[in-house]
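To start, the structure itself, in structure tokens.
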Amino acid sequence: MGRVTSRHPVVSIIDGASTQTTDTLVVEEPLEIRINGEQFSVTMRTPGSDFELAQGFLLTEGIVRHREDISTIRYCDGTDDDGRNTYNLLDIALAIDLPPQARNAQRNLYTTSSCGICGKASLDAVLTTSHFSLTDERTTIAAGQILAMPDRLRAAQRIFDSTGGLHAAGLFTTSGELLVVREDIGRHNAVDKVIGWALESGRVPLHGQTLMVSGRASFELAQKAIMAGIPILAAVSAPSSLAVDLAREAGLTIAGFVRGGRMNIYSHSERIV
């Protein structure tokens, strides 16, 4: 597995005085995902939980619905100049009984660490239809549980303390239990890793769960939550207008600015009591 952090020399200036020191940076490396031997996507990510990342990505792209839809997933021989495996190339074989449109899916795009849907072939492709409806999902959760999630998520971030440069996503039960937390330089990757963990664990659809993210609630994160059957998306920062429009239409609850004992509920507020 590749490194998650690396050390770099820096010049530090404090109160006008400069010193030579080192700083710990989060690693950002490409991960190429191939489906049945054909390139599907290249995403910039922080190494770690790559199998979860790939599986969550395939679920939120509408390629798979269950873990059984994936036959095998393995690292391929992606090597550096010294011939060492970089672990930056994954090959996924889909189950033979998947529908032809899933088995022949192609995305062929470059995904940056800041955008998980940039480069899609058409705007129509962005509005992927979820297999798991939220319109009849009756989950309710106490407002106090939502308000406690940012601190619980932050306390579980191991790598952030040393780098200060990672997003986090966590999955919580209605009783406030943190089931899983994942970090990544890309917020969409952190969410895909969480969803991939759930796929591996046989928990999808994630009805009854809350997805808490450390940044904003963008359209892509709202879409990923809907694709995984998550009824509530909570974010430390603001949602986008398109995320709220999608959430209202699809039945997703979005809570934004969840910090300091307050929050704004932008859609389907009946779930937060």
Side-chain angles (χ1 to χ4, degrees), residues 26 46 56 113-116 134-135 137-195 197-198 203 205-273:
V26 61
T46 301
S113 54
S114 61
C115 180
L134 295 178
T135 55
E137 224 283 353
R138 305 302 182 192
T139 294
T140 60
I141 186 171
Q145 294 290 1
I146 299 285
L147 293 172
M149 287 179 184
D151 288 341
R152 293 173 182 170
L153 182 66
R154 176 66 182 83
Q157 287 186 252
R158 297 183 299 104
I159 307 171
F160 184 88
D161 288 333
S162 60
T163 66
L166 283 172
H167 294 283
L171 195 65
F172 289 84
T173 67
T174 54
S175 63
E177 178 189 0
L178 177 58
L179 297 175
V180 61
V181 61
R182 292 291 182 265
E183 297 175 276
D184 198 277
I185 197 166
R187 61 175 56 86
H188 53 92
N189 289 337
V191 170
D192 277 338
K193 288 178 178 180
V194 165
I195 293 173
W197 170 88
R203 294 173 178 263
L206 286 164
H207 293 162
Q209 313 300 313
T210 296
L211 177 66
M212 180 78 214
V213 296
S214 61
R216 66 180 183 269
S218 61
F219 170 85
E220 58 183 333
L221 299 195
Q223 184 198 29
K224 288 179 183 295
I226 292 165
M227 291 297 292
I230 300 171
I232 303 171
L233 171 62
V236 171
S237 192
S240 70
S241 62
L242 192 56
V244 172
D245 290 343
L246 176 65
R248 289 173 177 170
E249 180 179 350
L252 173 69
T253 298
I254 290 185
F257 295 108
V258 184
R259 57 180 187 248
R262 61 177 294 269
M263 63 178 157
N264 294 336
I265 307 174
Y266 294 86
S267 59
H268 297 279
S269 60
E270 67 275 4
R271 290 197 180 101
I272 300 178
V273 298

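Atom-to-atom distance recorded for Arg182:CZ and Asp192:CG is 12.5 Å, nearest 0.5 angstrom. Note: Met149 CE to Met263 CE = 9.0 Å, rounded to the nearest 0.5 Å. Note that NE2 of His188 is 12.5 Å distant from CD1 of Ile195, once rounded to the nearest 0.5 Å. Remark: Tyr266 OH to Ser240 OG distance equals 10.5 Å, nearest 0.5 Å. Rounded to the nearest 0.5 angstrom, Leu233 CG and Leu211 CG are separated by 5.5 Å. Leu242 CG to Glu220 CD: the interatomic distance, rounded to the nearest 0.5 Å, is 11.0 Å.
In terms of modelled atom types and a separation under 3.5 Å, the side chain of Ser267 and the main chain of Ile254 share a donor-acceptor contact. Looking at Thr46, its side chain never comes within 3.5 Å of a backbone N or O of Asp184 through a donor-acceptor pair.
For Arg152, the side chain to side chain donor-acceptor pair (under 3.5 Å) test picks out Gln145, with sequence neighbours left out. Partners of Arg203 according to the side chain to side chain donor-acceptor pair (under 3.5 Å) rule, which considers only residues two or more places apart in sequence or in another chain, do not exist here.
The two residues Ile146 and Val258 come nearest to each other via the heavy atoms O-CG1, 3.5 Å. Closest non-hydrogen pair, Leu206 versus Leu171, comes out as CD2-CD2, 3.7 Å. Closest of all the heavy-atom pairs between Ala243 and Ala217 is CB-O, 3.4 Å. Annotation for Glu137 and Gly208: closest pair OE2-N, 2.8 Å, computed over non-hydrogen atoms. For Ala225 against Leu252, the heavy-atom pair with the smallest separation is CB-CD1, 4.2 Å. Taking all atoms of both residues into account, the shortest heavy-atom contact from Ile226 to Ala250 is CD1-CB, 3.5 Å.
The list of side chain to side chain donor-acceptor pair (under 3.5 Å) pairs with a residue in residues 244-258, not counting sequence neighbours, reads Thr253-Arg271.
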Practice prompt. Evaluate the side chain to side chain contact (heavy atoms under 4.5 Å, CB included) criterion for residues Trp197 and Leu179: first the C-alpha distance (whole Å), next the side-chain angles of each, then the deciding distance (0.1 Å), finally the verdict.
Written response: CA-CA 10 Å; Trp197 170 88; Leu179 297 175; 4.0 Å; yes
Take Val236 and Arg154 through the test side chain to side chain contact (heavy atoms under 4.5 Å, CB included) and record every step on the way to the result. CA-CA 11 Å; Val236 171; Arg154 176 66 182 83; over 6 Å; no
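Residues Arg187 and Arg216 are in side-chain contact: their nearest non-hydrogen atoms beyond the backbone lie under 4.5 Å apart. Taking the side chain as every heavy atom from C-beta outward, Ile232 and Ile141 approach each other to under 4.5 Å. Between Phe219 and Leu246 there is a side-chain heavy-atom pair separated by less than 4.5 Å. Residues His167 and Val213 are not in side-chain contact: their nearest non-hydrogen atoms beyond the backbone lie 4.5 Å or more apart. Counting only heavy atoms from C-beta outward, the side chains of Thr140 and Thr174 never approach each other to under 4.5 Å.
No side-chain donor-acceptor contact under 3.5 Å links Gln209 and His207. In this model, no donor atom of one side chain and acceptor atom of the other lie less than 3.5 Å apart for Glu177 and Ser175.
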